[in-house]
Amino acid sequence: MLLEVSNLRKTYRLGRVDVPVLRGVSLSVHKGEWVALLGASGSGKSTLLHLVGGLDRPDRAGRPAGITAQGVAAAQGVVKGEPSRIVFDGRDVTAMGQRALDKYRSNDVGFVFQFYHLLPELTVMQNVLLAAMVRHGRVAYTTRRGELQASARRLLDSVGLSHRLQHRPVELSGGERQRVAIARALLNSPALLLADEPTGNLDKTTGGTIMSMLADIRRATGHTMLMVTHDPEVAARADRVVTLVDGRVVSSPTPRAGAVAGAATGGSGGPTGPAAPPTPGGPASGGGPARSPIGVR
Amino acid sequence: MVGDQGGGPIPFPVYHALLTRKYLTSKIMPLLAALAVLLCTAMVLITWSVMGGFLSMLLDSGRKMVGDVSIVWPNTGFAHYADLIQRLEADPAIEAACPMIETFAVLVLPDDRVQMISLKGIDGPSFSRVIDFDAQLYWRPLAEGEGLPKAVDGEDLREDKANWPTLEQILEGGRRLAQYDPATGEWVPALVLGIETGDFNQRSKTGSGVYTPRAQLRARGDGGIDVISDFMPRSGSVTIHLMPLDPGGRAIEIVTRRLPIANEFKSGVYDVDRQSAFINMQRLQDLLGMSQALRVVPDETGVPHNPFETMIDPATGREVHVPPANTVVDPPRVTTVLIRAADPDAPSTEIKRRAEAIYAQFVAAHTDPVTGACDVPGTGSILINTWEDQNRTLVAAVRKETALVLFIFGFISLTAVFLVLAIFWSMIAEKTRDIGVLRALGASRAGVAWLWMRYGLAIGVVGSLLGGAAALLVVRNINQIHEWMGRALGLYIWDPAVYVFTEIPAKVDPVHAGFVLAAGIGSSLLGALIPAWRAARLDPVKALRFE
């Protein structure tokens, strides 16, 4: 098990009103599994993704994070039972200090956002390398510059952008930008890829291409993926679809038999794909495309 | 300084350098912030350089004109000065001492204008041992590269080789305080006037400090006008009226002499250059009745000698004048002795203390009842002053004014802090999503804060260095800029009559420059501090959702 989320609660304060967004979500994700979080707008799926990614903190037991005692009373029934916990690869993310959390975001997870979030001043290559620049100090980065640049080039080549290395984001289409964002998310070879509506800002055709690309990558590298979407058609490509309604999991089927193992064989391009043992961090063992994005840890 | 990974701080993460460079070169706002730092840095540095240069020139000129210490007994003067000088020069702390007479005179110019001047009688060789008089003589041949550094080609007639033979003679005349008379082959006593005296010369409008002689007009008695063209010192003469005083300070009779001009001097101090002239000391002693003389004293009977008493010479049978029976020799007198210290860095108060001690010994050794017998410092007319004492009021005023102006301009420069703050605040609002991305990629709060502090540092360094360079450029060409402003805009700010010096003094002190540049960088960092803190405090989730 790579990720275990239990009794996850999150409450936001809007003015004087406390709004519970997650009301005790529990979820498990296996290594190499592709899980889609499906839900309507406001169901809490992006919040769940941010919490899993260490960008935000869940409510503490007995009191929502950043909310007063009065707020707790107002948010009746929100904070109950066991404390919120996110355990990643045996480590309790919710108990991590700020520095450990920064390290977790840099090393263990990779984000793909709906709006790409590329830095407009940087070239495609620099945007991808930014992840490594943040992760490594000057000496480490300089020492490994050639290796890191080669990895970035390979990743950009694998997403079909080897001819766009020196372009700026403004010169790219939406699909190309998202591919750059995917390459950036993969550069540090995170164990968990978090995609927040990766096709939400793209037309259907381009969105389909991006989804195929994510499937290819996942098939080739065996990345575990947690993907937020409101589109059931997109969600259907995952191994498992977890449905959220009003901050609660209403449908979380057990992983299909062989779905996790199928990641490495390229069989999870769709909900009924065949299964094979994953080879995390390594190239495709068969059945996948020849391209093999290789991250650097 | 603070990194983000490896369980501890990472020194100088690469993304700081990359983003700082990109933000600096791709936006107009940081350039505006750098411009604000540039202007404030340049403003303060120029002000400090001008005020500091003014003070420095004031101190230098004070020393240059009067030596380290001066012993003065106005009007009457004192005798036996040669002995005093000998005693002074015997002191190892004193390099040289020289006599001088200083008096007031009325100067009548060739165009009949009249002005009051300070006339100084000097002994050329001994005076030059204390004051660098030779260097102050303006008219002299100048080889290429010796002229004023900012002179325009052809502007300085001293560099014209055709003038050199004449200028050589004029220079020698200045040294001798005399003019060569080709008819007799003798050197005739002459004056060395200040370069600004009588407006005979025109300061260059290029701000180079070069003087050129200009034509003078004189009204004739018949209603016509004479043009006194090309007034070189050699071709003109002036009249001086002197008022000798007796030992009691009473006027004797006015002495009038017409004297040629040997050369002109330029000290750079406007008042001195406009209202001073030098003459040979012995000549001035003669004119003022301060040279050696016989004085008749009453005999033992107390009966005064009849100056008109005559007798018949038994040898010739002719009536001859009866010389007084009792006479004493009054030695020559001077009003001032100037002293130069052996060590230029020695405190002038120490030289003053030594001069006072030597003067007391000198007084004890000369108790003869001659005119100009010596007095003890502090009990009579004798004044023993350092060059700082003589300029104390002005120096103190300039120091206060420098501090005041710097305070005001420094306060105004605080606007740079607020400008940087406002610009950074706005930039951070614009870059909120970038900050969210950096946090999502694992950047720490401290890393984000340092990114913006480093950015502030870069803007401060760029602004301060450019501001320093701009200030240096302005300071080095301040007189040319001033002259240009005068010609183009009719705006003359520097009036030599008010500000003492003929040129705007400006000197960039490296320590001051370093301090101002550091303050410029500091102000930029200070301005970046609050926005950096705000950037670090941004919630990454909200930052990523920022529209």
Side-chain angles (χ1 to χ4, degrees), chain A residues 10 12 46-47 49-51 53-57 65-66 97-123 126-142 144-145 148 168 181 184-185 187-188 190 194 196, chain B residues 1-30 427-428 430-451 454-455 458 535-547:
Chain A
K10 181 68 183 175
Y12 287 116
S46 287
T47 300
L49 201 74
H50 292 148
L51 291 171
L55 280 175
D56 207 350
R57 298 230 187 225
Q98 195 59 50
R99 185 169 288 171
L101 207 58
D102 294 336
K103 186 180 174 187
Y104 165 72
R105 284 200 305 276
S106 185
N107 293 356
D108 298 315
V109 297
F111 283 98
V112 177
F113 300 103
Q114 179 181 354
F115 296 103
Y116 335 122
H117 290 331
L118 302 178
L119 272 58
E121 287 84 5
L122 306 186
T123 62
Q126 287 166 336
N127 263 292
V128 174
L129 283 169
L130 188 62
M133 290 179 192
V134 171
R135 181 178 179 185
H136 302 289
R138 176 173 290 277
V139 175
Y141 180 84
T142 309
R144 301 180 62 189
R145 186 192 297 270
L148 292 165
R168 292 181 189 278
R184 180 179 67 189
L187 184 70
N188 288 338
L194 302 171
D196 188 0
Chain B
M1 299 294 279
V2 176
D4 314 284
Q5 283 300 306
I10 290 181
F12 312 115
V14 178
Y15 76 93
H16 280 186
L18 176 68
L19 291 179
T20 300
R21 195 172 70 244
K22 291 289 179 181
Y23 287 172
L24 260 182
T25 52
S26 62
K27 298 278 173 195
I28 190 74
M29 299 255 273
M427 282 195 71
I428 282 169
E430 189 191 330
K431 293 290 172 195
T432 296
R433 284 213 289 197
D434 288 9
I435 293 166
V437 172
L438 288 172
R439 295 300 311 279
L441 291 174
S444 65
R445 286 185 193 281
V448 170
W450 274 108
L451 167 65
R454 181 179 173 140
Y455 192 38
R537 299 290 301 169
L538 278 176
D539 178 345
V541 173
K542 287 181 183 168
L544 287 166
R545 287 177 174 162
F546 182 78
E547 296 291 334

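Please read all numbers here as calculations on a predicted model, not as lab measurements. Per chain, numbering begins at 1; letters A, B, ... match sequence-line order.
- Here the CZ atom belonging to A:R105 is positioned 8.5 Å from the OG atom belonging to B:S444, to the nearest 0.5 angstrom.
- A:P120 and B:K431 get closest at one heavy-atom pair: CG-NZ, 4.2 Å.
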Decide yes or no on side-chain contact (heavy atoms from CB on, under 4.5 Å) for A:Q126 and B:K22, but give the supporting numbers first.
CA-CA 11 Å; A:Q126 287 166 336; B:K22 291 289 179 181; 3.5 Å; yes
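- The shortest non-hydrogen separation linking A:S46 to B:R545 is CB-NH2, 3.8 Å.
- Nearest approach of B:A440 to A:F111, heavy atoms of both residues: O-CD1, 3.7 Å.
- Ranked by heavy-atom pairs under 4.5 Å with chain A, the first of B:L438, B:V437, B:D539, B:T25 is B:V437.
- Of the two parts of A:A100, neither the backbone nor the side chain holds a non-hydrogen atom closer than 4.5 Å to a non-hydrogen atom of chain B.
- Closest approach of A:R138 to B:V14, counting heavy atoms only: CA-CG2, 3.7 Å.
- Note that the CG atom of B:L441 and the CG atom of A:N188 stand 8.0 Å from one another [nearest 0.5 Å].
- Panel note: side chain A:H117, backbone B:D434; no donor-acceptor pair is recorded below 3.5 Å.
- B:L18 contributes atom CG, which lies 9.0 Å from atom CG of A:L129 (distance to the nearest 0.5 angstrom).
- Your options are A:Q98, A:Q114, A:R184, and the one with the most heavy-atom pairs under 4.5 Å with chain B is A:R184.
- The pair A:D102-B:R439 counts as a salt bridge, with a side-chain nitrogen and a carboxylate oxygen less than 4.0 angstrom apart.
- Only the side chain of B:L19 comes within contact range of chain A, with at least one heavy atom under 4.5 Å from a heavy atom of that chain.
- Here the OH atom belonging to B:Y15 is positioned 11.5 Å from the CG atom belonging to A:L119, to the nearest 0.5 angstrom.
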